[in-house]
Amino acid sequence: MSILLPDPINSVIRRVVFAFCVIVSVFAALPVQALEPIPVPIDIEALDVTNSIELHRDAGTRLQVSTAPGADGIVRRIEVPSLDGNNTNWAVFALANTSDEQIDRLIVAPNYKLVGSDLFWPDLGSSRIAAITPSQGIAPERLKSLEADVFLVTLDPGSIVTFVAELTTPKLPEVRIWEPDVYKETINAYTLYRGIILGISGLLALFLTILFVVKGTVMFPATAALAWSVLAYLCIDFGFWGLVFNLDGGGSQLARSCAEVMLAASLLIFLYAYLNLNRWNIHYSHLALTTLILILGLLGVAVWDPSIAAGVARLSLGVIGALGFITIAVLAFQQYDRAILLIPTWCLLIAWLVGSAMTVTGYLSNDIVQPALGGGLVLIVLLIGFTVMQHAFAGGAIAQGLISDVERKALALTGAGDIIWDWDIDRDRIYTGNEVEELLNLKRGALEGPARDWLEVLHPQDRDRFRATLDAVIDQRRGKVMQTFRLRSEDGHFRWFRLRARPIIGSDGEVIRCVGTLLDVTEERTAEERLLHDAVHDNLTGLPNRELFVDRLRTSVVRSKAEETAKPTLLVLNLDRFKQVNDSIGLSAGDSILLTVARRLGRLIGQQDTLGRLSGDQYGLVLLSEQEPDRIVALADSLRKAVRAPITFGDREIFLTCSVGIAFFEGGKQAVEDMVTNAEIALNHAKRLGGDRQEVFRPILRPLDKNIVDLEADLREAIKKETLGVFYQPIIRLEDQSIAGYEVLARWNHPKRGKIAPSEFIPIAEQSGLINELGMYVLDKGAQQLAFWQREYPIKRPLFASVNLSSRQLLKQDLINDVKAVLSRTSLEPGTLKLELTESLVMSNPEYSAKVLERLRSLGAGLSLDDFGTGHSSLSYLQRFPFDTIKIDQSFVKTNGSSARSVLLRTIVAMGHDLGMSVVAEGAESETDALELYQLGCEFAQGFFFGEAMSSSDATKMLRKMPAEAESA
């Protein structure tokens with residue numbers, strides 16, 4: 001079935017079909033587009049044809065291409081096989097000689113180009129062209145070159161030749177057509193420049209190596225390693241390495257990759273060593289060592305794939321440069337001289353890294369970029385070498401004028417026998433000779449090394465202080481090191497040493513050494529510790545004394561309440577009729593008997609129990625190992641039997657018995673002092689029953705004079721509820737009759753018995769152990785009131801307050817901490833809170849007292865010697881104690897008409913002034929007394945004439961009325 005169309009429509013369709021057929025026949029008759037020839041002008045010295053080359057990647061081992069149209073316009077087709085049968089990458093280009101002369105040209109394809117080599121998986125270079133086959137004429141001649149594939153071609157006049165290049169790599173970074181003579185001149189020019197750069201780099205590396213040998217600190221080998229790494233990199237980049245070792249393509253890639261890895265590693269080592277980042281913190285060393293190992297591990301990766309190793313090395317170099325810049329900036333902000341000196345060089349390094357990054361990514365592609373980067377790298381190392389040399393020649397020899405003085409000091413040091421301690425900070429090595437190692441029985445050289453190694457030998461409690469002291473000397477560049485610390489010997493024991501040293505500053509203002517002496521003070525410290533031990537232990541038996549014993553009893557009670565563990569039981573033992581035995585056989589024999597009894601009792605108790613000597617022939621036992629009452633009584637019986645055993649003394653046998661008082665811990669709010677009182681009541685009851693027996697405390701055993709016990713309980717309650725009165729007696733400055741301070745006194749107004757004199761309740765506090773709580777109560781209240789007065793009445797010479805200390809407070813271990821806490825809470829002016837101690841109290845244990853008073857003085861407390869002149873101790877000890885005030889006893893002040901009194905008073909005042917102390921006179925009860933004291937030169941006085949003890953409000957009113965100081969602060 002057909003469709004008939006009108007004639008006009010049929011005519012149009014026929015014309016369209018005809019036109020389409022004509023177009024198809026025309027295109028079918030045209031030849032396939034041929035290769036575009038590259039004109040080679042005769043007057044152009046070099047022509048870059050990289051972008052005009054056709055690349056055929058993975059095209060097989062045989063390539064068929066169409067040539068460029070010849071002079072006759074004919075396009076031919078040629079087929080080129082691979083020479084070794086393996087290459088599948090090809091490059092095709094055509095050259096046209098537009099002149100009427102025959103010309104020779106060099107086809108040059110460089111093996112390595114830094115420009116565009118990429119940051120990740122970079123192209124490390126290789127031979128690019130295996131062979132070149134021309135479409136006509138003679139095959140190009142391959143010329144020998146270590147840096148590029150060079151082929152000599154000859155082009156006839158007017159000829160167009162197509163060249164098929166068999167490639168050994170898929171990449172062809174650059175191909176240029178060179179005029180032979182120009183290429184030779186260019187190579188020679190670059191060779192001269194490279195020779196100069198290599199010469200400078202080699203001399204610099206050699207000089208820094210010599211400097212390292214001469215100086216020897218870790219900074220110089222690190223700098224020398226960086227210089228040698230740069231030299232190796234330049235040798236490979238300039239082709240010198242391949243010329244010497246005749247490296248092929250794979251060998252040159254491996255060498256270039258290893259050179260870039262070593263460049264990054266040596267830069268890290270230099271930064272770490274120059275900034276001395278490992279002075280104390282070992283973590284910096286671990287971080288740097290880990291990073292260095294990872295970077296050096298790239299050498300192994302380079303053997304497997306040089307491109308991956310080189311990419312990671314380039315990235316690492318950039319990261320090290322950035323992090324190094326941050327580190328240098330932070331240290332320079334902290335005024336670290338080494339970091340400040342390194343800033344210009346590191347800024348140049350950052351610029352070099354930026355330029356290198358732009359080059360490898362292709363943003364910079366100039367021909368002189370690669371040689372310029374090599375020269376810049378040498379310039380950076382040269383600047384680093386100059387920076388390091390400043391340290392090498394800093395801190396020169398001691399001036400000749402001081403040589404004799406140095407010799408004298410050396411002879412004095414040798415005569416003193418002290419041990420030399422020398423810390424070379426640049427090398428970070430400590431030298432002490434062999435004396436310390438012999439004392440500690442360590443191997444020779446065990447203590448010669450970095451300061452950080454000493455931390456392993458130091459006692460753990462001394463390490464932070466030792467490290468902080470040396471850091472402070474280096475940072476502040478002044479001061480002295482005066483420190484006592486412990487060093488561990490080979491057998492694990494510690495010996496005490498005292499270090500006295502001072503820093504030596506170099507010409508650059510930086511500490512270069514710290515030199516001093518080290519002295520073994522083990523015996524001295526042992527004696528001090530023995531004194532402190534004797535303060536809380538009995539000198540005869542070595543057992544805890546009463547203070548320490550009660551403290552351990554209190555600890556047991558607190559632990560029992562908190563942890564609900566074993567309840568303590570207190571046993572108090574007293575030898576029966578020991579006084580008669582002691583009088584009959586003598587004191588030395590009595591001491592031997594007391595020591596024997598102590599040893600017998602100690603063998604019968606458990607490790608958790610505490611045995612102490614409470615007084616002459618009285619012992620105490622805190623019993624924790626037994627909890628059942630029957631077993632406790634049985635133990636008490638065993639203790640009595642142990643004492644009852646005969647004691648042989650010479651040719652005599654002495655028989656003793658003892659009485660035992662037992663007090664159980666009742667729990668609840670029972671105080672430790674109550675337990676001691678109960679045990680002593682039970683002991684007294686056993687004594688009244690004839691002795692040689694034990695008694696358990698029962699409430700019915702309380703003595704008839706129960707009011708003493710009640711008074712003790714009321715006193716404890718008054719202290720706890722702060723109802724005990726604290727009064728203030730004014731101390732007057734005699735020169736202007738102004739108030740200089742107050743003496744803080746305790747006054748007790750009992751709710752039932754009325755006013756109780758201090759002479760009555762102070763002894764009760766002493767006997768019961770409440771004196772510590774009472775003393776701290778008065779001290780705290782007095783300090784708070786003094787702080788209030790100093791804030792409200794600021795004067796030129798601040799008010800002071802004097803507080804009395806008892807013997808038990810002085811022997812208390814926590815006294816120093818208690819005073820420190822009071823001073824920290826009140827923020828008093830230094831020396832205005834004066835602690836008063838009697839002469840007899842200080843002289844009862846002068847060695848221990850001197851050390852405690854020295855500690856109190858260092859805290860900022862003033863020290864006043866009360867009742868001076870009433871004791872019987874030697875005045876030679878007075879200069880050993882750090883007192884700042886002497887209080888003359890009122891017996892010297894009260895008028896009695898004696899001429900000797902005035903002489904003694906004048907002598908005491910003069911002696912106090914000669915010792916640099918202020919003098920306060922007590923008992924000024926009349927105007928005559930005050931006038932006489934002023935004429936004798938006494939600064940301060942107190943007594944009923946100036947005012948009795950008064951409350952804080954009355955003292956404040958008096959302070960408002962009377963002038964406290966002529967001039968306000």
*Asks:* Can you confirm whether R525 is buried at CZ, in the sense that more than 12 heavy atoms of other residues, nucleotides or ligands lie under 6.0 Å from that atom?
*Replies:*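 Buried by this count: over 12 neighbours within 6.0 Å.
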
*Asks:* With side chain to side chain contact (heavy atoms under 4.5 Å, CB included) as the test, would you mind laying out the steps for C514 and V481 before giving the verdict?
*Replies:* CA-CA 9 Å; C514 191; V481 178; 4.3 Å; yes

*Asks:* Atom CD1 in I504, atom CG in D422: separation rounded to 0.5 Å?
*Replies:*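 Rounded to the nearest 0.5 Å, the CD1-CG separation comes out at 7.5 Å.
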
*Asks:* With the side chain counted from C-beta on, respond yes when P344 and L383 share a heavy-atom pair under 4.5 Å apart, and no when they do not.
*Replies:*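 They are not in side-chain contact.
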
*Asks:* Test side chain to side chain contact (heavy atoms under 4.5 Å, CB included) on I430 and W421; report intermediate values, then the result.
*Replies:* CA-CA 7 Å; I430 292 179; W421 188 86; 3.6 Å; yes

*Asks:* Using atom types as modelled and distance alone, determine if a side-chain donor or acceptor of D462 lies under 3.5 Å from a backbone N or O of R486.
*Replies:*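 Such a contact is found between D462 side chain and R486 backbone.
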
*Asks:* Could you walk me through whether E174 and T50 pass side-chain hydrogen bond (donor to acceptor under 3.5 Å, both in side chains), step by step?
*Replies:* CA-CA 5 Å; E174 180 182 286; T50 306; 5.5 Å; no

*Asks:* Show the atom names and distances, to 0.1 Å, of all donor-acceptor pairs under 3.5 Å that link a side chain in residues 262-271 to residues at least two apart or in another chain.
*Replies:*
unit_1 : atom_1 : unit_2 : atom_2 : d
S266   : OG     : S229   : OG     : 3.3
S266   : OG     : M262   : O      : 2.9
S266   : OG     : L263   : O      : 3.0

*Asks:* How close do V108 and A148 get, heavy atom to heavy atom, and via which atoms?
*Replies:*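 Here V108 and A148 meet closest at CG1-CB, 3.8 Å.
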
*Asks:* More than 12 heavy atoms of other residues, nucleotides or ligands under 6.0 Å from CZ of F325: is that the case?
*Replies:*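 No.
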
*Asks:* Provide the closest heavy-atom pair for A332 versus I343 in the form atom of the first, atom of the second, distance.
*Replies:*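 For A332 and I343, the tightest heavy-atom pair comes out as CB-CD1, 3.7 Å.
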
*Asks:* Does L859 reach the side chain of R855, with side-chain heavy atoms less than 4.5 Å apart?
*Replies:*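 No. Closest side-chain heavy atoms not under 4.5 Å.
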
*Asks:* Would a distance-only check, ignoring hydrogens and angles, find a side-chain to backbone donor-acceptor pair under 3.5 Å from T361 to A357?
*Replies:*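 Confirmed, T361 side chain pairs with A357 backbone.
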
*Asks:* Quick check for you: to the nearest 0.5 Å, what is the distance between L342 atom CG and L349 atom CG?
*Replies:*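 Answer for the CG-CG pair, L342 versus L349, is 9.0 Å.
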
*Asks:* Can you tell me how far the CD atom of E437 sits from the CD atom of E490, to the nearest 0.5 Å?
*Replies:*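 Atom-to-atom, E437:CD and E490:CD are 12.0 Å apart.
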
*Asks:* Just by distance, no angles: are the side chains of T526 and W496 close enough, under 3.5 Å, to form a donor-acceptor pair?
*Replies:*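 No, no side-chain donor-acceptor contact under 3.5 Å.
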
*Asks:* Is any side-chain heavy atom of R128 closer than 4.5 Å to a side-chain heavy atom of P173?
*Replies:*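 Side chain of R128 against side chain of P173, heavy atoms only: contact under 4.5 Å found.
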
*Asks:* Suppose we screen for ring-ring contact (aromatic ring centres under 6.0 Å, His included). Which residues come up paired with H493, at least two apart in sequence or across chains?
*Replies:*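 ring-ring contact (aromatic ring centres under 6.0 Å, His included) check on H493 returns nothing, list empty.
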
*Asks:* Between R57 and P170 (side chain of the first, backbone of the second, donor and acceptor by atom type, cut-off under 3.5 Å), is there such a pair?
*Replies:*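 Judged by distance alone, yes, a pair lies under 3.5 Å.
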
*Asks:* Which residue is it: D453, L458, V457? I am looking for the one with a side-chain contact (heavy atoms from CB on, under 4.5 Å) to L455.
*Replies:*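 So, applying the side-chain contact (heavy atoms from CB on, under 4.5 Å) to L455 and each of D453, L458, V457, only L458 qualifies.
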
*Asks:* Does N111 form a side chain to side chain contact (heavy atoms under 4.5 Å, CB included) with E147? I'd like the steps, not just the answer.
*Replies:* CA-CA 6 Å; N111 293 341; E147 301 180 10; 5.5 Å; no

*Asks:* Could I get the full list of ring-ring contact (aromatic ring centres under 6.0 Å, His included) partners for F485, not counting sequence neighbours?
*Replies:*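 Once residues adjacent in sequence are excluded, the partners of F485 under the ring-ring contact (aromatic ring centres under 6.0 Å, His included) criterion are F466.
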
*Asks:* Taking atom NZ as the centre, does K113 end up with more than 12 heavy-atom neighbours from other residues, nucleotides or ligands that are less than 6.0 angstrom away?
*Replies:*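 It does: K113 NZ has more than 12 such atoms within range.
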
*Asks:* Is it the case that over 12 heavy atoms from other parts of the model lie below 6.0 angstrom from the CZ atom of R502?
*Replies:*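 No - once you tally the heavy atoms of other residues, nucleotides and ligands closer than 6.0 Å, there are 12 at most.
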
*Asks:* What pair of heavy atoms forms the shortest contact from L234 to G374, and how long is it?
*Replies:*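 Looking at all heavy atoms of both residues, the closest pair is CD2-CA, 3.7 Å.
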
*Asks:* Flag the pair F494 / S489 as yes when at least one side-chain heavy-atom distance between them is below 4.5 Å, and no otherwise.
*Replies:*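 No, too far: nothing below the 4.5 Å cut-off.
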
*Asks:* Any luck finding a side-chain donor-acceptor pair between D149 and S127 under 3.5 Å?
*Replies:*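 Side chains of D149 and S127: pair found under 3.5 Å.
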
*Asks:* Which atom pair, heavy atoms only, marks the closest approach of I512 to D424?
*Replies:*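 Heavy-atom minimum between the residues: O-OD1, 3.8 Å.
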
*Asks:* Kindly indicate whether the side chain of L331, heavy atoms from C-beta on, has any atom under 4.5 Å from the side chain of Q334.
*Replies:*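 In contact.
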
*Asks:* Going by ring pair (Phe, Tyr, Trp, His ring centres under 6.0 Å), name the pairs with one or both residues in residues 345-381, residues two or more places apart or in two chains.
*Replies:*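 For residues 345-381: none.
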
*Asks:* Taking D428 for the side chain and A451 for the main chain, is one N or O donor matched with an acceptor at less than 3.5 Å?
*Replies:*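 Checked: pair present.
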
*Asks:* Check for a donor-acceptor pair, side chain of E510 on one end and backbone N or O of I505 on the other, with a separation under 3.5 Å.
*Replies:*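 A pair under 3.5 Å: no.
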
*Asks:* Name the one of L519, L440, V521, T484 that satisfies side-chain contact (heavy atoms from CB on, under 4.5 Å) with F497?
*Replies:*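 Filter result, single survivor: L440.
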
*Asks:* Before you tell me yes or no, could you show the steps for N188 and Y183 under side chain to side chain contact (heavy atoms under 4.5 Å, CB included), namely the whole-Å CA-CA distance, both residues' side-chain angles and the distance that decides it to 0.1 Å?
*Replies:* CA-CA 9 Å; N188 291 338; Y183 179 72; over 6 Å; no

*Asks:* Using modelled atom types and a 3.5 Å cut-off, is there a donor and acceptor pairing between side-chain atoms of W454 and backbone atoms of L447?
*Replies:*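 Yes, because the side chain of W454 sits within donor-acceptor range (under 3.5 Å) of the backbone of L447.
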
*Asks:* Determine yes or no for a side-chain-to-main-chain donor-acceptor pair under 3.5 angstrom, with R495 supplying the side chain and T522 the backbone.
*Replies:*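 No; zero donor-acceptor contacts below 3.5 Å.
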
*Asks:* If you compare all heavy atoms of T359 against all heavy atoms of G355, which two are closest, and at what distance to 0.1 Å?
*Replies:*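 Shortest heavy-atom contact: OG1-O, 2.8 Å.
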
*Asks:* Show me, pair by pair, the donor-acceptor contacts under 3.5 angstrom made by side chains of residues 302-323, not counting sequence neighbours?
*Replies:*
unit_1 : atom_1 : unit_2 : atom_2 : d
D305   : OD1    : S307   : N      : 3.1
S307   : OG     : W121   : O      : 3.4
S307   : OG     : P122   : O      : 2.9
R314   : NE     : E260   : OE1    : 3.1
R314   : NE     : E260   : OE2    : 3.4
R314   : NH1    : S117   : OG     : 3.1
R314   : NH1    : D118   : O      : 2.7
R314   : NH2    : Y112   : OH     : 3.3
R314   : NH2    : E260   : OE2    : 3.1
S316   : OG     : V312   : O      : 2.8

*Asks:* For R498, which residues count as a salt bridge (Lys or Arg N to Asp or Glu O under 4.0 Å) partner, sequence neighbours excluded?
*Replies:*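 Counting only residues at least two positions away or on another chain, R498 forms a salt bridge (Lys or Arg N to Asp or Glu O under 4.0 Å) with E524.
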
*Asks:* With a 4.5 Å limit on heavy-atom distance, are the side chains of L377 and L373 in contact?
*Replies:*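 The answer is no, as the side chains (C-beta and beyond) never meet within the 4.5 Å cut-off.
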
*Asks:* Working to the nearest 0.5 Å, report the span between CZ of F207 and OG1 of T223.
*Replies:*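 So the gap between those two atoms works out to 11.5 Å.
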
*Asks:* What's the spacing between L172 CG and I129 CD1 if we round to 0.5 Å?
*Replies:*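 Between atom CG of L172 and atom CD1 of I129 there are 5.5 Å.
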
*Asks:* Nearest 0.5 Å, what's the CG-CD1 distance between D520 and I419?
*Replies:*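 Atom-to-atom, D520:CG and I419:CD1 are 7.0 Å apart.
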
*Asks:* Taking the side chain as everything from C-beta on, heavy atoms only, tell me whether T432 gets closer than 4.5 Å to I420.
*Replies:*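 The answer is no; the side chains never approach within 4.5 Å.
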
*Asks:* How close do S201 and V378 get, heavy atom to heavy atom, and via which atoms?
*Replies:*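 In terms of heavy atoms, the two residues are closest at CB-CG2, 4.0 Å.
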
